[in-house]
Asks: 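If you scroll down you'll find the structure; I have some questions about it.
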There are 2 protein chains.
Amino acid sequence: MTSFTEENYLKIIYLLTERHNGNEVSTNQLAEHTQTKAASVSDMLRKLAEKNYINYRKYQGVTLTDAGEQIALGVIRKHRLWEVFLVEKLGFGWDEIHDIAEQLEHIDSKELTKSLDDFLGNPKFDPHGDPIPDSKGKMPSVSYQKLSDIPLNQSVVMMGVSVHSPSFLQHLDKNQITLGCTLKIREISEFDKSYSILLDEKNTIFVSNEVARNLLVQMQES
Amino acid sequence: MTSFTEENYLKIIYLLTERHNGNEVSTNQLAEHTQTKAASVSDMLRKLAEKNYINYRKYQGVTLTDAGEQIALGVIRKHRLWEVFLVEKLGFGWDEIHDIAEQLEHIDSKELTKSLDDFLGNPKFDPHGDPIPDSKGKMPSVSYQKLSDIPLNQSVVMMGVSVHSPSFLQHLDKNQITLGCTLKIREISEFDKSYSILLDEKNTIFVSNEVARNLLVQMQES
DNA sequence: ACAAAATTTTAGACTAATCTAAAAAAATAT
DNA sequence: ATATTTTTTTAGATTAGTCTAAAATTTTGT
Ligand SMILES: [Mn+2]
Ligand SMILES: [Mn+2]
Ligand SMILES: [Mn+2]
Ligand SMILES: [Mn+2]
């Protein structure tokens, strides 16, 4: 049995490890993301290590074992499927769904996950462009680049975001930046490194450097 | 804040009080339905009384206060809406949904409940024929009778079940007894009080007395 | 290389929800 | 009416998850 709390730790360890390209996750980082204190994290790490869900050497941070990763991927799969449901079927905006999915991701029913997946047409990506692990627990590999790493005048397609805060997503909405739109950098301001971008080959929009660093894009084709 | 556990107690108190026509629910009954021991129930009752969710005099059983009833009805509303979702949208059978709904009923999001209700077309009954409380927390009143209380040769419509166990529901499936079908009692066996019933004015089926006591029906019209 | 700073772990305590065993109260039966 | 049985509550423990404060370890800066 894996508790609600344990599932959350494993999910966060997975996501942070991924963000660090496979490097160990530290106690303090986990404390920040679980909204608890480092002491509480240490306790939980001891427990998860005993269950063989994580590789843990005191003071050295943690990574997931295969068993832990499978649990994490299962939770992430449910989270992202429910997000698709909330947007595609219930009409929520991509800025409104995360907290609800945080609850739904813990619903425990193989049959439900399967039926939901089919009902949604077996989606491969969630409303934020994040890939959905398959039912075997395999995470599709994606190769997105930050818009801020793309050269001037190169057409790219908006594929995802690396920040999921409602305020960031609402900011994108206001600028009509949506998944699948085409972006071409026209100019980067010398002064504040802000971007002038041609959107869908039509309008020119202006976004801050911070926005450009958090937009994930891909060259045409594929 | 109302915990998962407190919600379950309040829901069960509501349903048992309803079943007893408003009479107090006892500690032992709650222990049975919560799968805990009487001692644990006593602790929880003290706590729920402190929060003013129940009327509680030691040794005298409990009823819900208005505040407690509103919470219970909110949980029951979510339970039944999710059951409709599982059957109508995901294709589950009425015998497969209760345990999943037991989890989903605790998802906390006003917006989600509202959107789900609209997505389902604002259903008034769940797949077992149980009425769905409205968004204001009002439970529709229904007046069903047990099939076993209906006279011979009176046509009635099948409206619900008073037992929700998978095995009972599967037994009804096997006999083609579904919500909305027409039933007419042809004969009651002298020997074992079992029923011979005309189903949808076509086939004759035979069901035990126990089945007849757990089928809820209504006279034609309405 | 070593002192200072930062991070992590441990010790000890708390809360929610549960348990068993024992005590108290209520219901029942003669 | 009183003894017996049943039900309910209390007392005292336990587990999961959290906390603060203090100790241990690692990292950083000179
Ligand atoms: Mn999310
Ligand atoms: Mn997402
Ligand atoms: Mn149910
Ligand atoms: Mn139901």
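What you see is a predicted model, and the numbers here were worked out from it, not measured in a lab. Below, chains carry the letters A, B, ... as their sequence lines are ordered, and counting in each starts from 1.
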Asks: Do the charged groups of A/Lys11 and A/Glu102 touch, with an N to O distance under 4.0 Å?
Replies: yes

Asks: With the side chain of B/Ser42 defined as its heavy atoms from C-beta on, choose the nearest nucleotide among D/dT18, D/dA24, D/dT8.
Replies: D/dT8

Asks: Output yes when at least one side-chain N/O atom of B/Lys37 is less than 4.0 Å from OP1 or OP2 of C/dT18, else no.
Replies: no

Asks: Is it the case that A/Asn8 and A/His33 place a side-chain donor and acceptor less than 3.5 Å from each other?
Replies: no

Asks: Could you give the distance from OG (B/Ser165) to CD (B/Gln170), rounded to the nearest 0.5 Å?
Replies: 8.5 Å

Asks: Please report the distance, rounded to the nearest Å, between CZ in A/Arg46 and C1' in D/dT15.
Replies: 12 Å

Asks: On DNA chain D, does the nearest nucleotide to A/Gln60 precede the nearest nucleotide to A/Glu6 from the 5' side, or the other way round? Give the residue.
Replies: A/Glu6

Asks: Across the strands shown, which category fits B/Tyr56 at heavy-atom distances under 4.0 angstrom: base, sugar-phosphate, nothing?
Replies: sugar-phosphate

Asks: Choose from D/dT10, C/dT10, C/dT9 the nucleotide whose nearest atom is closest to any side-chain atom of B/Asp43.
Replies: D/dT10

Asks: Grab the CZ-P distance between A/Phe4 and D/dT18 for me, whole Å please.
Replies: 11 Å

Asks: How is A/Thr36 classified with respect to the nucleic acid when contacts are heavy atoms under 4.0 Å: base, sugar-phosphate, or nothing?
Replies: sugar-phosphate

Asks: Can you figure out which of D/dA11, D/dT18, C/dT8 approaches the side chain of A/Asn28 most closely?
Replies: C/dT8

Asks: What's the closest nucleotide to the side chain of A/Tyr59 if the choices are D/dT26, C/dA26, C/dT20?
Replies: D/dT26

Asks: Could you check A/Ile54, A/Thr2, A/Val62 and say which one makes a side chain to side chain contact (heavy atoms under 4.5 Å, CB included) with A/Leu48?
Replies: A/Ile54

Asks: Using atom CE of A/Met44 as one end and atom C1' of D/dT18 as the other, report the distance to the nearest whole Å.
Replies: 9 Å

Asks: Less than 4.0 angstrom between a side-chain N/O of B/Tyr9 and OP1 or OP2 of C/dT18, yes or no?
Replies: yes

Asks: Nearest to the side chain of B/Ser26 - D/dT9, D/dT8, D/dT18?
Replies: D/dT8

Asks: Could you pick out which residue, A/Gln35 or A/Lys58, lies toward the 5' side of DNA chain D when each is mapped onto its nearest nucleotide?
Replies: A/Gln35

Asks: CD of A/Glu50 versus P of D/dT15: gap in Å, rounded?
Replies: 13 Å

Asks: Does the gap between the ring centers of B/Phe85 and A/Phe85 come in under 6.0 Å?
Replies: yes

Asks: Identify which nucleotide among C/dT8, C/dT10, D/dT18 has an atom closest to any side-chain atom of A/Thr27, counting heavy atoms from C-beta outward.
Replies: C/dT8

Asks: Take atom CE of B/Met1 and atom P of C/dA16, then tell me their distance rounded to the nearest Å.
Replies: 13 Å

